[in-house]
Number of protein chains: 2
Amino acid sequence: MPLPQTEMPGRLQAYCAERGIRMTQQRRAILGVMETASKHLDAAQLLRKAQKLDASVDRSTVYRTLRLLKRQGLIDELDLMHIHGEGHYYERKLNRDHIHMACLRCGKIMEFVSDIFEKLKSQVEKDCRFRIVVSRLEIGGYCAHCSK
Amino acid sequence: MPLPQTEMPGRLQAYCAERGIRMTQQRRAILGVMETASKHLDAAQLLRKAQKLDASVDRSTVYRTLRLLKRQGLIDELDLMHIHGEGHYYERKLNRDHIHMACLRCGKIMEFVSDIFEKLKSQVEKDCRFRIVVSRLEIGGYCAHCSK
DNA sequence: ATCTCAACTGCAACCAGTTGCGACACGGGG
DNA sequence: CCCCGTGTCGCAACTGGTTGCAGTTGAGAT
C-alpha cells in the first residue's frame, strides 16, 4: 500500500510517470478529464467526458483508474452524504485535507479547512498509535441560508 | 471498546411508536435483529437474520427500513473505508458521535471518542453558520500492530 | 368488530460498482 | 525497429442498492 502526499495541482500524468505507472490511451483520456474538470465529478460524468477524448473507454476502466488514483493518494472519494443518490464523487487531492458539508435541503456542497481537524488527526495518531493514510469527514445539515 | 448506550438498550420499537411510525411484521423482525445484534452489520447479514424471524422479508424492505431509521437519526451508516468491498454497515446511534478507524492491512475496526471532535463540530457550526444534523469521520491507515 | 385508506410490501427491472477472462498494447531490451 | 512479457482493456456476468407498480395490511375511526 503506497503512501499519499501530494503538493501541486495540475500534473497527474507526470506523477504517474514518476511512479512507473504505465500510460495508456484510455488513462490519458481519464487523467485529462480529471485535470481540467471542476471538482466533485461522479463516475458517470467522468466516463462520458473521457469517451469524448477516446470513444473506446469502458466503464470498468474508469473505475479501475479511479481505484488506482485513490491508492496512489492522488484523488479523494466522497459520498457527499448520499444527497444525490448512492454514487460517489471524486476530486483531486489538495495539499490539505478539507471537510465537506452538504446541505440536506438545497444540496449545496461546502468545504472547510480547519486547524482543529489537523489537531484531531494528530490526537488519533498519538492516542491510538494509528498511522493515518486517508481520512474523510463529511457533515450533513442545513446551510446558513436554509436554516433560516 | 464498549460505549455507554443511549438509555435502555434495545428499544428501537418504542422510539418508532413514539414517533408514530407504523409497525409491521417485517419491521418488527428487522428492528429485532438491529436491537440484539452486535455492531457493524451489513445489509445482507441483516436480511438473512431478519428472514429467520419472518421469511417474507424482502431485500428492498430491509433497505427501505434502514433508510427510515437513518432519517430518524436512530442508526448511522458507515463505509468503513470500503475495506471489505463496496457495501455499507449500520450501527445503532449512541449518545456521542465516534470516529471509526479501519486498518488497511488487517481490517480491524476501531472506535474513538474525542472532545476535539466535538470542538471541531462547534467550530463548523459557528464559523460556517451550518446547523449539523449528522456527521461521519472515517479514517483509513495502519493500526499499532500492523505499522510495526 | 368492521371499515377505510394511506402507508407498507414483494416483485421485477433498473442504476452503481466489481470481477474473471481472453485479447491487446505499452515500452524496455535485443 | 521489432519482439516479447506483463499490465491493461473491453466485455459480460455478477453483487449491492434503488424504484415504480400493483396488491396488502396496520391501526384509527365508527
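First the proteins, then the strands, lettered A, B, ... as listed; each starts at 1. Both backbone and side-chain heavy atoms feed into the values below; hydrogens, waters and symmetry mates do not.
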| remark: Separation of C:dG17 atom C1' from A:Glu77 atom CD, nearest Å, is 10 Å
| Minimum side-chain heavy-atom gap B:Phe112-B:His98 below 4.5 Å | no
| query | B:Glu86 or B:Ile21: which one's nearest nucleotide on DNA chain C is closer to the 5' end? | reply | B:Ile21
| field | Range on DNA chain D touched by chain B - first to last nucleotide, heavy-atom distance under 4.0 Å | value | D:dG16 to D:dA27
| field | Presence of salt bridge, A:Arg92 and A:Glu35, under 4.0 angstrom | value | no
| field | Nucleotide C:dG27, atom C1' - distance to CD of A:Gln25 in whole Å | value | 14 Å
| request: Please answer whether the main-chain N or O of B:Tyr142 pairs with a side-chain N or O of B:Arg105 as donor and acceptor at a distance below 3.5 Å. | output: no
| Rounded to whole angstroms, how far apart are CZ on B:Arg67 and P on C:dA7? | 15 Å
| remark: Of A:Thr61 and B:His88, the one whose nearest nucleotide on DNA chain D sits closer to the 5' end is A:Thr61
| query | Of B:Tyr90 and A:Thr24, whose closest DNA chain D nucleotide lies nearer the 5' terminus? | reply | A:Thr24
| task | Report whether A:Leu53 and A:Leu31 are members of the same hydrophobic cluster (ILVMFWY, side-chain heavy atoms less than 4.5 Å apart, transitive linking). | result | yes
| task | Take the protein atom CG of B:Leu68 and the nucleotide atom C1' of C:dT9, then report the distance between them rounded to whole Å. | result | 14 Å
| said: Tell me whether the count of non-hydrogen atoms from other residues, nucleotides or ligands lying under 6.0 Å of NE2 in A:His40 goes above 12. | reply: yes
| Does any N or O in the side chain of B:Thr61 come within less than 3.5 Å of the main-chain N or O of B:Val57, such that one atom is a donor and the other an acceptor? | no
| side-chain contact (heavy atoms from CB on, under 4.5 Å), paired with A:Leu41, selected from A:Lys49, A:His88, A:Arg48 | A:Lys49
| query | Tell me: CZ of B:Arg22 to C1' of C:dA6, nearest whole Å? | reply | 6 Å
| said: Please classify the nucleic acid contact of B:Ala44 as base, sugar-phosphate, or nothing, using heavy-atom distances under 4.0 Å. | reply: nothing
| request: Would you jot down, in residue-number order, the residues of residues 47-60 of chain B having a non-hydrogen atom under 4.0 Å from DNA chain D? | output: B:Arg59, B:Ser60
| message | Over all strands shown, is B:Arg64 touching base, sugar-phosphate only, or nothing at heavy-atom distances under 4.0 angstrom? | response | base
| request: Would you mind reading off the distance between B:His82 atom NE2 and C:dT19 atom P, rounded to a whole angstrom? | output: 12 Å
| field | Pairwise side-chain contact, B:Cys143 with B:Met101, heavy-atom cut-off 4.5 Å (strictly under) | value | no
| B:Phe117 ring centre to B:Lys119 NZ or CZ under 6.0 Å, with the angle to the axis within 45°? | no
